[in-house]
Amino acid sequence: MELRAKISANLRAVKEKSPLIHHITNYVTVNDCANIVLAIGGSPVMADDLEEVAEMVGFASALVLNIGTLNSRTIESMLVAGLKAKELGVPIILDPVGVGATKLRTNTSERLIREVKPDVIRGNMSEIKVLAGLDVAIKGVDSLADEQDSSIVAKKLASELNCVIGITGKTDVVSDGLQVCLLDNGHRILSDVTGTGCMTTSLVGTFCGVTNDYYAAVVAGIISMGLAGEIAQASLHHGEGIGTFRARLLDSIYNLTPEILAQEGKIRYE
């Protein structure tokens with residue numbers, strides 16, 4: 001099946017099956033992540049206590065691990081949940097927020113990759129370059145890296161880690177180590193709203209919950225956010241800003257259809 005047909009079918013499956021997406025995520029964007037999963041048609045659950053994460057992941061269609069506000073308790077929960085998910089065949093999506101900014105984030109990301117072996121890693125260019133062992137300037141959780149050679153970096157890292165890599169930025173890149181595609185949807189205003197990267201990872205997780213083709217799932221998740229950003233920005237009137245945009249972003253995700261996703265997604269192949 002051609003990629004556009006796959007991402008269209010994936011959205012239809014999300015709306016039919018409403019997959020349960022287990023998050024161990026950060027407290028800055030947890031509400032946004034829950035709402036974006038609901039808006040696309042999934043069912044979110046945010047559970048990070050060590051006493052319940054293994055049991056909860058047993059009910060889940062996908063597990064999203066987001067290191068945005070790490071602490072020792074959630075690190076342990078991520079490892080326990082991740083190992084249980086791997087045992088059960090539940091897809092694991094890692095968002096290495098701010099990796100490289102501190103030793104805690106870098107060491108935790110490396111440990112999760114080594115022990116849990118995520119099926120998907122979605123990050124910005126700086127985060128992915130850090131994981132690839134490249135030198136890059138870090139400023140908090142924001143990317144300062146240029147996007148030169150992004151396709152090469154994504155393909156090489158995906159091959160080395162045997163997973164799908166999704167890099168979001170001005171042009172998004174997705175690779176499974178064999179295939180590479182570039183995605184050109186989106187709008188600059190998305191970067192003015194906290195949590196759009198985390199929400200993109202949650203969308204990716206939702207699509208991973210309905211298919212074994214994680215490459216197509218990552219493309220579907222990233223295009224959904226890009227398209228919704230375009231639609232929400234175009235709806236703004238004079239005097240309206242990022243508060244209105246944020247609300248309309250959710251509306252735009254809620255109103256996406258399989259046909260819009262297939263027809264309006266801007267996909268280039270390399």
Side-chain angles (χ1 to χ4, degrees), residues 1-25 29 32-46 57 59-66 85 88-95 118-123 154 158 163-168 172-176 179-183 185-186 190 195-229 231 249-250 252-267:
M1 189 186 294
E2 194 264 344
L3 186 55
R4 289 180 187 277
K6 287 181 180 178
I7 64 175
S8 177
N10 286 348
L11 180 54
R12 192 170 292 109
V14 165
K15 292 185 178 299
E16 290 173 355
K17 298 179 180 178
S18 190
L20 180 67
I21 311 304
H22 180 187
H23 289 67
I24 301 178
T25 187
T29 63
D32 292 320
C33 292
N35 278 318
I36 207 82
V37 170
L38 283 169
I40 199 72
S43 176
V45 61
M46 279 51 185
V57 85
F59 302 116
S61 298
L63 172 65
V64 173
L65 304 177
N66 178 312
L88 298 174
V90 174
I92 303 163
I93 299 87
L94 173 63
D95 190 334
D119 300 284
V120 172
I121 301 174
R122 199 295 311 166
C163 69
V164 178
I165 298 292
I167 305 174
T168 51
D172 309 308
V173 181
V174 180
S175 179
D176 62 359
Q179 312 167 83
V180 179
C181 69
L182 308 179
L183 311 175
N185 292 104
L190 282 164
T196 52
C198 299
M199 286 188 274
T200 301
T201 302
S202 292
L203 290 172
V204 166
T206 308
F207 283 107
C208 285
V210 295
T211 178
N212 293 325
D213 186 343
Y214 303 141
Y215 177 75
V218 175
V219 172
I222 292 176
I223 285 183
S224 294
M225 178 58 85
L227 269 174
I231 295 167
L249 185 64
L250 281 174
S252 300
I253 288 287
Y254 180 80
N255 289 306
L256 275 183
T257 66
E259 292 75 21
I260 292 173
L261 201 60
Q263 294 168 8
E264 303 299 327
K266 298 173 183 174
I267 305 173

Going from CD1 on Ile222 to CD1 on Ile267, what distance comes out if it is rounded to the nearest 0.5 angstrom?
11.0 Å
Drop me the distance from Asn185's CG to Asp172's CG, to the nearest 0.5 angstrom.
8.0 Å
Could you check Thr201 against Asn66 for side-chain contact (heavy atoms from CB on, under 4.5 Å), going step by step and ending with a plain yes or no?
CA-CA 9 Å; Thr201 302; Asn66 178 312; 5.5 Å; no
Is any side-chain heavy atom of Leu11 closer than 4.5 Å to one of Phe207?
yes
Could you grab the distance from atom CG of Asn10 to atom OG1 of Thr211, nearest 0.5 Å is fine?
5.0 Å
Under the 3.5 angstrom rule, does the side chain of Ser43 hit a backbone N or O of Pro19 as a donor-acceptor pair?
no
How many angstroms lie between atom CG of Leu203 and atom SG of Cys33, to the nearest 0.5 angstrom?
9.0 Å
Please give me the minimum heavy-atom distance between Lys15 and Tyr254, naming the atom from each residue.
NZ-O, 3.9 Å
With a 4.5 Å limit on heavy-atom distance, are the side chains of Leu249 and Met199 in contact?
yes
If I compare all heavy atoms of Met46 with all of Ala34, which pair ends up nearest, and what's the gap?
CE-N, 3.5 Å
Side chains of Asp119 and Val164, heavy atoms from C-beta outward: is any pair under 4.5 Å?
no
Where Cys208 and Pro91 come nearest, the two heavy atoms and their spacing
O-CG, 3.6 Å
At what distance, to the nearest 0.5 angstrom, does CD1 of Ile7 lie from CG of Leu183?
8.5 Å
Would you give the length of the straight line joining atom CD1 of Ile165 to atom CZ of Arg122, rounded to the nearest 0.5 angstrom?
11.0 Å
Does the salt bridge (charged side-chain N to carboxylate O under 4.0 Å, His left out) test come out yes or no for Glu259 and Arg12, once each step is laid out?
CA-CA 9 Å; Glu259 292 75 21; Arg12 192 170 292 109; 3.5 Å; yes
Could you report the tightest heavy-atom contact between Cys181 and Leu3, atom names first, then the distance?
SG-CD2, 4.4 Å
Side chain proximity check, Tyr214 to Cys163, heavy atoms < 4.5 angstrom
no
Is any side-chain heavy atom of Ile21 closer than 4.5 Å to one of His23?
yes
Quick one: which of Thr200, Ile260, Val204, Leu256 gives a side chain to side chain contact (heavy atoms under 4.5 Å, CB included) with Ser224?
Leu256
Within the structure provided, determine whether Val210 and Ser61 are in side-chain contact (heavy-atom separation under 4.5 Å).
no
Heavy-atom pair with the smallest gap, counting every atom of Val64 and Gly205
CG2-CA, 4.1 Å
Answer whether the closest heavy-atom distance between the side chains of Ser8 and Leu261 falls below 4.5 Å.
no
Mind listing the closest non-hydrogen atom pair of Asp95 and Cys198 along with its distance?
OD2-CA, 3.8 Å
